[in-house]
Amino acid sequence: MAEPPRRTPHLRRDGTWVGASVPRREDPRLLAGRGRFVDDIVLPGMLHAQFVRSTEAHAEIVSVDLSEVRAVPGVVAAYSATDLHLRDVTALLDRPPHEFVPTAMPVLARDRVRYVGEPVAIVVARDPYAVEDGVEAAIVEYAPLQPVVSDTAALAEGAPLVHAEAPRNTLVDVSLFATEGIDTIFDEAHTVVEVHTKTGRQNALPLETRGVVADWDDRDEQLRVQTCSQVPHQVRTVLAQCVGLDEKQVRVTVPDMGGGFGQKCVVGREEIAAAAVALRLRKPVKWIEDRRDALTAAFLAREQRYAVRAAFSAEGEFLALDADVVCDMGAYSCYPFTAGIEPLMASAEMPGVYKLPAYRVRGRAVTTNKAPTAPYRGVSRPQYVMVVERVFEKAARALGIDAVELRRRNVITVFPYKGVNNITYDPGSYLESLDLCEQTLRDEGWFSRRSEENRVIGIGFSCFSERTGYGSGAFAQRRMQVVPGFDISEIRMDLDGTVSVTTGTLSHGQSHETTMAQIVADRLGLPYDRVKIVQGDTDRITYGWGSFASRSITIGGSAVAAASVKLGDQLREIAAHLLEADVDSAELDGAGGVRVGDRSLSFADIADVAYLKAHLLPKGVGPGLSATASFDVGGDGTFSNATHGVVVELDPGTGGVEILRYVCVEDCGVAIHPQVVEGQARGGIAQGIAGALFEQVTYDDAGQPLAPSFMEYKVPTAAEIPDVRIEHLETPCAFTESGAKGAGEGGTIGAPAAVLNAVNDALRHTGVELDDTPVPREAIFRALEKA
Amino acid sequence: MIQLIELTVNGERHDLAIEPRRTLVDVLRHDLGLTGTHVGCEHGICGACTVLVDGAPARACLLFAAQVEGSEIRTVESLAEPDGTLNDLQQCFSEHHGLQCGFCTPGMLMLAEGYLAEEPEATKEEIREVVASNLCRCTGYQTIVEAIDDCASRRRAAFQDQLDRSTA
């Protein structure tokens, strides 16, 4: 089944840059080894930092003795919490005390450690080898406490408390929706199905580990921090607070970044500690996380437990959903999202693509003695989509209706649709994507192969929508005290008619230097390589929220577009004046100039007047060419959607799962760069498949991590990930300037449900149903052995 | 203890005074300033540090620099022309979108460069197996495999073309 040959047009036939898979502007430097990642930065006299980390999951710190550390050759300094006096990092939700318990995360552990890998002291030395020698010489005495290593243990009566202020180890406990009469609906329903599921803890695992280079700059009187972060402005804000500097005294810049996937969209305590030491010593300090630390002490995600009941009518109408969600958030709330990120996301959006009249949900975040969690690509949606899709599979069997047909009867088809969760969904292609996905697998002949003799083949689907971007309104509903959402862009045209545009978003693999430039190129009518994208610098960019939640193109791209339109108006006004014409008759000519009738001026001609001959400008128009615009998604924002279809074959000899075919029909509105969208989908699907089948962070009963290296933590390789056929549908977004809906996370959201459904379809003859991920290979083996 | 070693990298000879425990990747990146080669795991699994040692792909994080005295080392910096023109393999990666964040890319390129030199007739499935020795967290691998396969086909076609012309 060969894929159609790929084309890489430079400009679409209709003359627009948006929609063309133009060559990426990032590629030449990255391919030549000339990218600049944080560990590539070298400053004169630079010191190297590493952390003394807790070896205990839960303990009082009796003493920290760094005297031998300081005696190691090459070691310059070593500090514990009592030496550094830094303010704690505390993320807050504006919710009543019974719904949210704030927890302070000290930059270095002070009196108590709460997970293996928690930083207890920082050591700096003249070279990276000496600093590791130094760390090994630290003597920390602990008085061990009983650790809490699972969500069920955390909630058990009389469990030890991870934080004294959080009874029952519960940081968040919300009951957001409870439709009146829901119990009666369950009592009277034709069919009620239950799903209980648990999803494994995962590491977002950017291939470039976290890292920072910090230095005090006397000339600017600034702490200059070059860090591997998705959210440079939030790092500046927290860092300034922790060390006691003004915001203007901290400049955070981000060089090339080797992935983030959410792990780097929160503020890490290590980057603050390293910067604080640079400030104290007035010397450059570099910290690069090693892989062992990245696997054990970096922010994790995904470990959730669901118990849901769903009611259906005899005709297969989805009537009610009652859900209990418990998220194991580890030892601390991350900044700025808090431990609420996962339960609040799951609670608000679980009904997904289906019409649902009655809904009740309780969402909890519990704290345990494991590394803390952060958002990870998809945030809760991979899990709740899996749960709801399992509901549909089980209900289909109970009702004797084909599972695809049951979905077809229930997906939202009339838009805008106001859900039982108070969310209004904008138009999407929920039904169309389902139909096309099923038809594609049917046309390829997979349905007839399902019954091939001596083979255990199954087909699974998942349908989902994903809110992307999330404007300030959506985050405010979550009641975060720090409310992300908007984005601001400034655009400037230089003398030669080229432009520079700032964006508060930040590319870490998503191709913003190319895609943002395409958006600007269309708005101004100039080639995309005449647009420079400025990102990741708190001194050059008005407050920005960075890149997460698939917000870059939806919100950042819209701000960039709006600023471009404003600049275009300025150019038209000046050109009209110079050509002695009415401004309404002046139009951008699409070739880097402004046209009035058959006369035209190039942007360079106009810029020449704006900067060097200001006396020729129209009255009331100041010199220079620049514009600023902000953008925020109004209302409930926008929803991308997709259907994933998977064919798997199970190996009765090993319980192994092989993916024979993967089809993804996605709709992210206007695709700025289809090749990039496909890349996002494929990369996300790989992470989703891994979560479904094997990737998992595990701990023993004492809270010791069991997967501290790539020998134990299984990351997918080219051997496990299949080729993915992608079909695009396009329902342009009415709320964004770019028409785009966001495309970063869908792959990860759709894959686990589709894979799990396919495995269960293959197991249908055994009577065994598996609802946990990663799918236990042993359970598949046992089921097939018995059958 | 400091040891004097002589290293040949991308055709250039370097004299170094280093600790014997210093790894090849640290010498390349921090002593020679060749930061194109990346460090992803330091235990030989991810392959971000892959370089060519006497033409064969090797993990630079698992080698001490002192071990490869007398060998020819090639890094990603050797692929493009001095004026920045990308070689055919690099161009295929770009055309197929075989990279996103670009962090694993130098390792993937050197893996492919070494492998195709050894196995110019490699099938797409064989290429996929070899790509499985390095980790990429962004692409889902499909476009990396396609890029290398495309480059191999183009090289074979160019070689055949050369043969045809020389026999004509």
Side-chain angles (χ1 to χ4, degrees), chain A residues 6 8 21 23-24 26-37 39-40 42 128-129 204-209 256-261 288 290-292 294 507-511 675-676 678-687 709-711 715-724 747, chain B residues 19 21-22 26 29-30 33-46 48 75-80 84-87 89-91 93-106 109 127-146 150:
Chain A
R6 177 182 298 292
T8 47
S21 291
R24 284 210 320 167
E26 294 86 344
D27 286 351
R29 71 168 187 276
L30 296 174
L31 285 161
R34 294 199 314 272
R36 194 187 56 188
F37 295 87
D39 189 36
D40 301 341
V42 176
Y129 289 70
L205 210 104
L207 206 53
E208 182 200 26
T209 55
D256 280 322
M257 234 172 114
F261 312 116
I288 300 296
D290 71 18
R291 185 55 66 183
R292 187 186 172 85
S507 184
H508 39 286
Q510 305 95 326
S511 324
Q675 199 180 35
V676 164
E678 291 181 14
Q680 290 295 312
R682 291 201 171 95
I685 286 168
Q687 291 181 346
S709 84
F710 283 146
M711 298 296 283
V715 182
T717 73
E720 290 86 28
I721 301 304
D723 284 353
V724 174
Chain B
E19 282 188 84
R21 65 173 173 171
R22 204 155 172 82
D26 283 347
R29 289 177 49 77
H30 301 303
L34 295 168
T35 54
T37 305
H38 296 147
V39 177
C41 73
E42 294 178 283
H43 54 279
I45 307 283
C46 80
T75 69
V76 68
E77 284 88 350
S78 71
L79 295 181
T85 306
L86 301 179
N87 85 352
L89 179 65
Q90 291 166 310
Q91 284 175 24
F93 264 68
S94 185
E95 281 175 32
H96 288 270
H97 195 34
L99 69 158
Q100 289 178 26
C101 77
F103 193 79
C104 74
T105 309
L109 288 169
I127 289 169
R128 176 174 284 278
E129 266 179 51
V130 168
V131 169
S133 48
N134 282 17
L135 298 181
C136 167
R137 198 60 170 166
C138 293
T139 60
Y141 301 106
Q142 179 175 339
T143 51
I144 294 177
V145 173
E146 285 169 355
D150 188 18

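Sequence lines set the chain letters: A, B, ... in the order given, protein chains first and strands last, and positions in each chain run from 1. The structure presented is a predicted model; accordingly, all values stated were derived computationally and were not measured. Just so it is clear, the values below take in all heavy atoms, side chains as well, and ignore hydrogens, waters and symmetry mates.
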Minimum heavy-atom distance between [X] and [Y], given as atom pair plus value:
{"X": "A:Ile721", "Y": "B:Gly140", "value": "CG2-O, 3.4 Å"}
{"X": "A:Gly258", "Y": "B:Phe103", "value": "CA-CB, 3.8 Å"}
{"X": "B:Cys138", "Y": "A:Phe261", "value": "SG-CZ, 4.0 Å"}
{"X": "B:Pro106", "Y": "A:Leu30", "value": "CG-O, 4.4 Å"}
{"X": "B:Gln142", "Y": "A:Val724", "value": "OE1-N, 2.6 Å"}
{"X": "A:Val715", "Y": "B:Arg137", "value": "CG1-NH1, 3.7 Å"}

Counting heavy-atom pairs under 4.5 Å to chain A, which of [options] comes out on top?
{"options": "B:Cys101, B:Gly36, B:Ala132", "answer": "B:Cys101"}
{"options": "B:Glu77, B:Gln100, B:His30", "answer": "B:Gln100"}
{"options": "B:His38, B:Glu42, B:Glu19", "answer": "B:His38"}

Let me know which of A:His508, A:Arg29, A:Arg34 forms a side chain to side chain donor-acceptor pair (under 3.5 Å) with A:Asp256. A:Arg29

Check each atom of [X] against the heavy atoms of chain B and say whether the ones under 4.5 Å are side chain, backbone, both or neither.
{"X": "A:Pro716", "value": "both"}
{"X": "A:Ser709", "value": "both"}
{"X": "A:Phe37", "value": "side chain"}
{"X": "A:Glu26", "value": "neither"}
{"X": "A:Gln680", "value": "both"}
{"X": "A:Ala686", "value": "side chain"}
{"X": "A:Ala681", "value": "neither"}
{"X": "A:Ile685", "value": "neither"}

At a heavy-atom separation under 4.5 Å, does [X] approach chain A through its side chain, its backbone, both, or neither?
{"X": "B:Leu86", "value": "side chain"}
{"X": "B:Arg29", "value": "side chain"}
{"X": "B:Tyr141", "value": "side chain"}
{"X": "B:Glu129", "value": "neither"}
{"X": "B:Asp26", "value": "side chain"}
{"X": "B:Leu99", "value": "both"}
{"X": "B:Thr105", "value": "side chain"}

Roughly how far, to the nearest 0.5 Å, is the [atom2] atom of [Y] from the [atom1] atom of [X]?
{"X": "A:Arg24", "Y": "A:Gln510", "atom1": "CZ", "atom2": "CD", "result": "9.5 Å"}
{"X": "B:Gln90", "Y": "B:Thr85", "atom1": "CD", "atom2": "OG1", "result": "10.0 Å"}
{"X": "A:Glu678", "Y": "B:His97", "atom1": "CD", "atom2": "NE2", "result": "9.0 Å"}
{"X": "B:Gln91", "Y": "A:Leu31", "atom1": "CD", "atom2": "CG", "result": "9.5 Å"}

Do you know which of [options] has the most heavy-atom pairs under 4.5 Å to chain B?
{"options": "A:Gly509, A:Gly683, A:Ala718", "value": "A:Ala718"}
{"options": "A:Gly33, A:Gly260, A:Gly684", "value": "A:Gly33"}
{"options": "A:Gly679, A:Pro722, A:Ala719, A:Pro206", "value": "A:Gly679"}

Can a donor-acceptor pair be found between the side chains of B:Thr143 and B:Glu146 at a distance below 3.5 Å? no

Evaluate whether atom CZ of A:Arg36 has more than 12 neighbouring non-hydrogen atoms of other residues, nucleotides or ligands under 6.0 angstrom away. no

